[in-house]
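Please see the structure below; I have some questions.
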Amino acid sequence: MAVIHRATLVPSKLELLDPWLARQPWAGGGGELGRAGSYRFDDPDGEVGIEGLLVERGGTVFHLVLTYRGAPLAGAERWLIGTMEHSALGTRWAYDGVGDPAAAAALLRGATGDQDQAVLEVHDGDAVVGFQEPDVRVSASGAAAPSSFAETPGELPALLSDGPVCEVTFGGATLRVARVLGAQVGGSARLVARWRDGEDVVAALA
C-alpha cells in the first residue's frame, strides 16, 4: 500500500522534471510539460516511494519512473534528479528510477506478475482519510515467468543503453524501460500501462 499525503511539494514534480527532461537527448523538443497520469509500486521495506509518471510535451508522452527517498542513495549520484521539500516528510531526494534498485526490482516483479501496483491510501497528518483511484493501471502481460533475478544488498542497476528505451541489468536480469511511449520494448514478460488516452508497454524483462 502506497501512502499519499495531503501535502505540498516545493518544487512540484513537474517543476523538478521540466529542466531535467529538457537535458535528456531522447526527450527532444520543447513546450509545456503536463501530467497524464501515474501509478505506484510498494517498496517491501516501506522506505522508498516508487512512482511511474506519464507526462506530455509537444504531443509526446514520456514514461518517467521516479523514486523518492528520505536520504541520498549511495553511489547513485548520476541518477539524482533533484530534491523537493515535502511539508509532511521533509526533504525528499528524487531519483531517475532506472538507476534505483527499489524501482528496478518493482518493475521486474511487475512485469513477471509477482507484484501488483500499489493501493493508494490517503493520509492527512497521521489520519487515514480515504483511498485514491489511480489514473494509470498497470498489469503483467505476455508469457508467465517467475522473477528470475536475485537482489544483492548494495547493488545498483548497471546501465547498458539509454534512449527512448532504457536498458539496465539488475540482479542478473535485464530490464527494459520505455522512456518515450510508442517505442518498441521487446521482452516476453511485459508491464502494460493503460490510461485515459492509451495503452502501451512501459517495461519488460528481456
Minimum side-chain heavy-atom gap Val180-Phe62 below 4.5 Å: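 A side-chain contact under 4.5 Å exists here.
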Separation of Leu54 CG from His63 NE2 (nearest 0.5 Å):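 Nearest 0.5 Å value for the NE2-CG distance: 6.0 Å.
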From CA spacing to verdict: side-chain contact (heavy atoms from CB on, under 4.5 Å), Leu66, Leu17: CA-CA 10 Å; Leu66 306 179; Leu17 287 169; 4.0 Å; yes
Exam field: side chain Arg196 to backbone Ala36, donor-acceptor pair closer than 3.5 Å: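 Yes; judged by distance alone, with no hydrogens or angles, the pair exists.
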Side chain to side chain, Val168 and Leu160, heavy atoms closer than 4.5 Å: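 No - every pair of side-chain heavy atoms lies 4.5 Å or more apart.
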Residue pair Asp116 / Phe41: nearest heavy atoms and the distance that separates them: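 Taking every non-hydrogen atom into account, O-CD2, 3.5 Å.
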Point-to-point distance, once rounded to the nearest 0.5 Å, from CG of Asp42 to CD of Gln115: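 CD of Gln115 is found 6.5 Å from CG of Asp42.
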Distance-only donor-acceptor check, side chains Ser38 and Arg35, under 3.5 Å: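 Yes.
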Thr169: partners by side chain to side chain donor-acceptor pair (under 3.5 Å), with sequence neighbours left out: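 Not a single residue meets the side chain to side chain donor-acceptor pair (under 3.5 Å) criterion with Thr169.
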Modelled atom types, side-chain donor and acceptor of Glu51 and Tyr68, under 3.5 Å: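 Side chains of Glu51 and Tyr68: pair found under 3.5 Å.
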Pairs satisfying salt bridge (Lys or Arg N to Asp or Glu O under 4.0 Å), at least one member in residues 60-81, at least two apart: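 Qualifying pairs, neighbours excluded: Arg69-Asp100.
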Ala106 versus Ile50, closest heavy-atom pair with distance: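 Looking at all heavy atoms of both residues, the closest pair is CB-CD1, 4.1 Å.
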Nearest-0.5 Å distance that lies between atom CD in Glu15 and atom CE in Met84: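 Those atoms lie 11.0 Å apart.
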Hphob cluster co-occupancy, Leu108 + Val165, side-chain heavy atoms under 4.5 angstrom: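 No, no single cluster joins them.
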With sequence neighbours excluded, residues passing salt bridge (charged side-chain N to carboxylate O under 4.0 Å, His left out) with Glu56: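 If we apply the salt bridge (charged side-chain N to carboxylate O under 4.0 Å, His left out) test to Glu56, skipping adjacent residues, there are no hits.
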Same apolar cluster (I L V M F W Y, side chains within < 4.5 Å links), Trp79/Phe170: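 Yes; tracing contacts between hydrophobic side chains, which count when under 4.5 Å, links both residues.
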Just distance, no hydrogens or angles: give the donor-acceptor pairs under 3.5 Å from side chains in residues 23-30, sequence neighbours left out.
| from | atom 1 | to | atom 2 | distance (Å) |
| --- | --- | --- | --- | --- |
| Arg23 | NH1 | Pro19 | O | 3.4 |
| Gln24 | NE2 | Trp20 | O | 2.8 |

Note, Cys166 side chain near Leu159 side chain (heavy atom, < 4.5 Å):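 Contact flag for Cys166/Leu159 side chains = yes.
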Closest non-hydrogen atom pair between Leu156 and Ala74, with its separation: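 Closest approach of Leu156 to Ala74: CD1-O, 3.8 Å.
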Heavy-atom check, side chain of Ser139 versus side chain of Arg190, under 4.5 Å: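 No; the side chains remain at least 4.5 Å from each other.
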Cluster check Leu73, Leu175: I/L/V/M/F/W/Y, side chain < 4.5 angstrom: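 Per the 4.5 Å side-chain linkage, Leu73 and Leu175 are co-clustered.
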N/O donor-acceptor pair under 3.5 Å between Thr112 side chain and Arg109 backbone: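 Yes, the answer is positive, given that a donor and an acceptor are paired below the 3.5 Å cut-off.
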Donor-acceptor contact below 3.5 Å, side chain Arg176 vs main chain Gly186: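 Present.
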Donor-acceptor under 3.5 Å (Gln117 side chain, Val138 main chain):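 Such a contact is found between Gln117 side chain and Val138 backbone.
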Any Ile81 side-chain heavy atom under 4.5 Å of Tyr95 side chain: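 No, too far: nothing below the 4.5 Å cut-off.
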Val136 with Val65, same ILVMFWY side-chain cluster at under 4.5 Å: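 Yes; Val65 is reachable from Val136 via cluster members.
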Pairwise side-chain contact, Leu21 with Leu64, heavy-atom cut-off 4.5 Å (strictly under):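 In contact.
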Closest approach of Asp43 to Val48 (non-hydrogen atoms, all atoms of both residues):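 Smallest interatomic distance, heavy atoms only, reads OD2-N, 2.9 Å.
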Nearest atoms (heavy-atom pairs only) where Gly97 meets Ala103: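 The answer is O-CB, 3.3 Å.
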Residue pairs passing the salt bridge (Lys or Arg N to Asp or Glu O under 4.0 Å) test where at least one lies in residues 79-96, sequence neighbours excluded: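 Sorted pair list: Asp96-Arg179.
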Co-membership, hydrophobic cluster, residues Leu53 and Leu9, 4.5 Å side-chain: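 Hydrophobic grouping puts Leu53 with Leu9.
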With a 3.5 Å cut-off and sequence neighbours excluded, list the donor-acceptor pairs that the side chains of residues 197-206 form with protein atoms.
| from | atom 1 | to | atom 2 | distance (Å) |
| --- | --- | --- | --- | --- |
| Glu199 | OE1 | Arg194 | NE | 3.4 |
| Asp200 | OD2 | Gly182 | N | 2.7 |

Minimal non-hydrogen separation, Pro164 against Ala183, with atom names: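 Between these two residues, the closest heavy atoms are CB-CB, 3.9 Å.
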